[in-house]
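A short write-up of the structure that comes next.
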Amino acid sequence: MSTLEDDELIELITSWSQKRKASSPKAADINTNDADQPSHSSSLSFQLAQEDNEESVDDLGGDDKGPIFGDYASYFATKAQNQQIEDEKFLEWNKKRQQVQGQDTKVSSIFTGCVVHVNGYTRPSIATIHKLIILNGGKFIHHLSSKGAATHIIAERLTPRKQAEFKNYKVVRPQWVLDSIERGSLQRWSDYSLIEVDYGQQRLQFRNEDQTNPHAKQDDEDESEIGPSIEPMSEIVDTTDGTTTIDSKHPDFLKQFFAKSRLHHLSTWKADLRLEFLNMVIEQSKSQGHMPTGASHRIIVHVDFDCFFATVSALKRPDIDFQNQPVCVSHGGTKPGSTADIASCNYVCRKYGVKNGMWVRQAKKLCPDLICLDYDFLGYETASKKLYEILLGLKPDCILPVSIDEALLEISSLIDDENTVEQVQGFCESLRREIYEQTRCTVSVGVSHNVLLAKLSLRKAKPNGYFYLHENFEEFLHNIPVSSLPGVGGAIVNKLISQVFPHSSSEITIGEIQGLERANLEKVFGVKTGTKLFEYAHGIDHTSIDINSNPEAFTRKSISIDINWGIRFDSIAQIDEFLFRVSEEICNKLQLMKMCTSQVTLKILKRSKGAPIEPPKFLGCGQCDSFSKSSRLGIPSDDYRTIGMEARILFRNIGCDPLELRGVSIQVTKLIEKGKEVQMRLPFARLDAPKTARLEGKEQHSDTPMEDKDIDAQVFEQLPPSIQEELRSELRRRNITIGERTPKRKRVYYQQVFTRTGASEVIRIISPRKSPSKSPLKKSPTKKSPVKDVKRRETKVAKVDEDVLNELPPSLRKEILEEWDEYERTNMTEFDRLRERGKLPETKFHNSANSIESLVMDDFECKINLIMFQKTSQPSKIIKLVDRWMKKTVEKGPHHRDLELFQTYLSKLKHHSHPLYAVIIERMRLISRIEPLCQRWLNILTTLIQERPTYRD
DNA sequence: ACAAATACCGAG
DNA sequence: CATCGCTCGGTATTTGT
């Protein structure tokens, strides 16, 4: 409490009081929130009340997506997504109906993971199939516009053109659905396949059938039946022939991509190994405590397979003479024009100048006899496992996994002071022998007294060798190229060349660095990098490989997923979908780690101006500019919908034409153990927690003195006496009086509003200072907002779907309709409720009719366009409404229909450069400061209203 | 001046 | 047929207040 600004304190009290007023009489027990505040006696630990008594329908259905997120999703209303929401609503409603009727409410999940689309005329009808699918856990899409979005297509007949189009889909007959449901499990799609596997002969048959099919023509047109299909279906069809390709629009893309990505494997292997060894070490030190090595002279061993992938992949090919034939690992064979990366190549290749990472195309030129092998990810894992087993068996002082094929050991205590060199050699050579015997792969070993030198020694040892650097260090380092130093890559080398050795023509060596002043290096590269470079050049390295000495340093601090290949989208809806899928993956990992995140970062790659639409590498990202934005979460989360929604917002904040998007990455940081995060579930719960426990001290505002601090007496009275008591003392301490309330704060904004003319100017002024990433209004729009189709959904009949209804007996039909009405009523939006009561409720908030705010605004309004909202155009009323709305919906989030309505209204205001726009936005921002949860959908609103997408160049 | 956000880098 | 350009930690630089 005492950490709050006066400002916020007043707002807080007001909001409590309003909450109390709004909720039922029994809310007198509001301060009994002991779950979150176990020990603290303060009755001020009031949590903004979730009215627990409201029976949310999704409670019945267990852990499924609640309507909250259904609402969220519709912020980005597209037809398809609206459909999903309707489907979910329908499911909830149906669940409720079943419950009322005492039926089993268990959710069938036969079609879980299936995304179904119906093509053309079918029996049963499309509507029936639709309901059957969603009632059994599947997803249904009416449009195939997002190419590849469907996992199954249901059809009875296909035109030849459609046949070609759907060649790589699972196209099944309707019977597949019926049988699956009847038998209670997903039937093999291939048994119902409409398109026969390409055996030539049968295909002809189909063609014949099609030509005689009276529906054929109609089939071809059915796309326009449903609505004008703007999106062309062509892109999925490759230009050269009729085959399809899996790109980011396909639901399985992520899976497929990761399954085949070497870099993804490398990263996950590494993370897994680190985790495994970390846990192992923690286990050990629990039982026996940590024993720091007593040895004075450290011996570090670096062991690494020789061209790991190539070696292992070649094990399956006894026909290849690995020592004498050039062999590499890459996708897709050995075609001379291939743009596949070479993941690993053997030493024969390297003689020709072939390098890892090179394209096959290029390598083929250098070495025409090149043999390309397939990846064998399982084989790599097996070999690695054996390596680590062997290493563990040697009982070194410590092991640090560097990667799947590479590890660092410290063996100081295993070696005596006598005959050190021989002992080390004996140890390493037997290690090498053992690994070869067990894996049939060669390793090299480098040894020295620190990590840096061990690493450099390893380089010298390769391939299939051993080197112990124990003397003549300077001489050893002298002729090694700087780029061999760990941490020195292209950028640093370039900087060296351009800023330190402008005349040097050949490769820069460590020896040349040795001649440089430390200060000089620090000037060019910064303190850390400069120092490191200097020390490395002199063979100095303090890197520790002992996990045990500092486990914290080896624990994972972030999780991210990057996809910069195959990213091709047509619409923002597809991107939204994709972001959710990525978030799902992230959250899987989070949950596995039992962690939650409080910060989400979205990074995108956008095609650089002038770069070709399709880069040379097939489905590659080509030359791109990268943009990133991050956002703090009010509540740490491991829910993919929360993370995904955040990502969607961030994407809109960055503003990128979907067609130009080439890379997506979501990163989560500021990880918190799951379970700990509930203590800070709501900002108010943090009030009397120690300051350090508050969220990064984030909400500390500058201490702006306020003139008129006081609290409306009526407001105060509405609080429970116990709280009043405590508040009184705190308020006294702060010189805040309880009495007639006068409008306060931020007059400055109104002035600014009136001194500017253009909307964009106004917007600039009020853009938030606090979180640049959340400033959705940075750019001045040049075009009008896209006219959003805020068509209210049709009445209940359309929702429940007539076709299905009609197939039911009349008595049941009536019942269902009535229940639907009831359902709708209980899920009424806040605005609906207000409307039903016939008038807007009065709030205590800005009571004074002569407040500067209302005076100014009401006056102004006469001169400006009159824009009605909820039957009023009076700014003070509208502001009140907004207050009320936001506060009321802070927990559940706003109803999507309210949002739509409000967005339309705001858009109008903005379109007319109405000053109220800025006032409302500022008002919402203010509230968001008190209720950080509101920030999120404020962002969404302002983002949507803005002309989108704004493209950055 | 400081902290947070963003940008960039390198490794395997 | 193509092709699967990841993911982490560290550091520098910019931005906002």
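Basis for what follows: all heavy atoms, side chains included, without hydrogens, waters or symmetry-related copies. A, B, ... follow the sequence lines: proteins, then strands. Residue 1 opens every chain.
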Name the closest nucleotide to the [X] side chain, picking from [options].
| X | options | result |
| --- | --- | --- |
| A:A491 | B:dA7, B:dG10, C:dA12 | B:dG10 |
| A:I559 | C:dC4, C:dG5, C:dC8 | C:dC8 |
| A:K617 | C:dC6, C:dT3, B:dC9 | C:dT3 |

Q | Contact summary for A:Y388 and A:V402, nearest pair of heavy atoms | A | OH-N, 3.9 Å
How long is the line joining [atom1] of [X] and [atom2] of [N], in whole Å?
| X | N | atom1 | atom2 | answer |
| --- | --- | --- | --- | --- |
| A:D247 | C:dC4 | CG | P | 15 Å |
| A:F525 | C:dT13 | CZ | C1' | 16 Å |
| A:Q667 | C:dC6 | CD | P | 14 Å |
| A:W565 | C:dA2 | CH2 | P | 11 Å |
| A:L605 | C:dC6 | CG | C1' | 12 Å |

Q.
Both A:Q623 and A:K335 contact DNA chain C. Which one's nearest nucleotide lies toward the 5' end?
A. A:K335
Q: For A:A271 and for A:S338, find the nucleotide of DNA chain C with the closest heavy atom, then tell me which residue's nucleotide is more 5'.
A: A:S338
Q. Side chains of A:T543 and A:D541: donor-acceptor distance under 3.5 Å anywhere?
A. yes
Q | Any A:R632 side-chain nitrogen or oxygen under 4.0 Å from OP1 or OP2 of B:dA5 | A | yes
Scan [X] against the nucleic acid and name what it touches under 4.0 Å (heavy atoms): base, sugar-phosphate only, or nothing.
| X | answer |
| --- | --- |
| A:D341 | sugar-phosphate |
| A:G566 | nothing |
| A:G622 | base |

Q: Kindly assign one of parallel, tilted or perpendicular to the pair A:F618 and A:W565, based on the angle between their ring planes and the thresholds 30° and 60°.
A: perpendicular
Q: Would you kindly check whether a donor in the side chain of A:S267 faces an acceptor in the base of B:dG12, or vice versa, at under 3.5 angstrom?
A: yes
Q) Can the positive tip of A:R581 be found less than 6.0 Å from the middle of the six-membered ring of A:F578, inside 45° of the ring normal? A) no
Q | Distance, P atom - from B:dG10 to C:dC4, rounded to whole angstrom | A | 23 Å
